[in-house]
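All residue numbers refer to positions in the sequence shown, counting from 1. In this text the structure is predicted, and so the values were computed from the model without any measurement.
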Amino acid sequence: MTASFKILLLSAEIAPFAKVGGLADVAGSLPKALRALGHDVRVAMPRYARIDAMHFNLQKHMDAFPVPLDRHHDDATILEGKLGADVPAYFIDNQKFFDRDGIYMYPDDAERFIFFARAALEMCKRLNFQPDLIHCHDWHTALVP
């Protein structure tokens, strides 16, 4: 019998919610495969304006909470949906950083994804979810490790 792990997968894009390239395909399929192996897998990504909450049946999961950034903070709200039938998908919502038509190529991308990384860790505390492994995809999540 293999050990079961608690895994949080972080990505700037996850198919079918938001896709620019192959990153979204991997981030959308790997969690389902890990879940099929018996692991407690959850995913988190930013809630971009293009992600239709009604279409994906996203529900508010957590009220706004402060995310520390240097000498100030910005608030994050968490929406929850499902990736496939049984993988919880958390969407970190903040209008200042993510309420835009596109996903990348903004002058403040570094600050946006620093916020995302920090908010994901703060979210885990509030969910009382302590992952054994945080799977980080691409530079957008590089500050988490």
**OP:** For N94 and D75, work out which heavy atoms get closest and say how close.
**Re:** ND2-O, 2.7 Å

**OP:** Considering non-hydrogen atoms only, spot the tightest contact between F116 and H140 and give its length.
**Re:** CD2-O, 4.2 Å

Subject >> Non-hydrogen side-chain atoms of L30 and V41 separated by less than 4.5 Å >> reply: no

Original post:
Do F5 and H39 come within less than 4.5 Å of each other through their side chains, counting heavy atoms only?
Top reply: yes

Original post:
How far does CG of L9 sit from CD1 of I14, to the nearest 0.5 angstrom?
Top reply: 6.0 Å

Original post:
Is there a donor-acceptor pair under 3.5 Å between the side chain of D52 and the backbone N or O of M54?
Top reply: yes

Subject >> Side-chain touch R42/E80, heavy atoms, less than 4.5 angstrom >> reply: no

**OP:** Check step by step if side chain to side chain contact (heavy atoms under 4.5 Å, CB included) holds for D109 and W139.
**Re:** CA-CA 11 Å; D109 274 356; W139 71 266; 4.1 Å; yes

Original post:
Where do I92 and I78 land on the side chain to side chain contact (heavy atoms under 4.5 Å, CB included) test, with the steps shown first?
Top reply: CA-CA 5 Å; I92 296 172; I78 305 299; 3.7 Å; yes

Subject >> Minimum heavy-atom distance V26-H137, with the two atoms named >> reply: CG1-CE1, 4.0 Å

**OP:** Taking R112 for its side chain and I103 for its backbone only, find out whether a donor-acceptor pair lies under 3.5 Å.
**Re:** yes

Original post:
Are the aromatic rings of F91 and F17 close, with centres under 6.0 Å apart?
Top reply: yes

Original post:
Are any non-hydrogen side-chain atoms of P68 and E122 less than 4.5 angstrom apart?
Top reply: yes

Original post:
Any side-chain donor-acceptor pair under 3.5 Å between Y48 and E13?
Top reply: no

Original post:
Which one of M123, M62, R47 satisfies the side-chain contact (heavy atoms from CB on, under 4.5 Å) criterion with Y90?
Top reply: M123

Subject >> Euclidean distance, L121 CG relative to L10 CG, rounded to 0.5 Å >> reply: 7.5 Å

Original post:
What distance separates D132 CG from D40 CG, expressed to the nearest 0.5 Å?
Top reply: 9.0 Å

**OP:** Please assess S11 against V43 for the test side chain to side chain contact (heavy atoms under 4.5 Å, CB included), listing each intermediate value before the final yes or no.
**Re:** CA-CA 8 Å; S11 183; V43 300; over 6 Å; no

Subject >> Heavy-atom pair with the smallest gap, counting every atom of D25 and K19 >> reply: OD2-NZ, 2.8 Å

Original post:
Should R35 and L83 count as side-chain neighbours, where that means a heavy-atom distance under 4.5 Å?
Top reply: no

Original post:
Can you check side chain to side chain contact (heavy atoms under 4.5 Å, CB included) on L79 and F56, steps first, answer last?
Top reply: CA-CA 11 Å; L79 302 176; F56 291 111; over 6 Å; no

**OP:** Rounded to the nearest 0.5 Å, what's the gap from CG on L69 to CD on E111? Could you check?
**Re:** 6.5 Å

Subject >> Verify same cluster id: Y104, Y106 (apolar side-chain graph, 4.5 Å) >> reply: no

Subject >> Shortest non-hydrogen separation from A142 to P145 and the atoms involved >> reply: O-CD, 3.2 Å

Subject >> Euclidean distance, R126 CZ relative to D63 CG, rounded to 0.5 Å >> reply: 11.0 Å

Original post:
Measuring from I114:CD1 to D74:CG, what's the distance to the nearest 0.5 Å?
Top reply: 12.0 Å

Original post:
What is the minimum heavy-atom distance between S4 and G38, and which atoms define it?
Top reply: OG-O, 3.0 Å

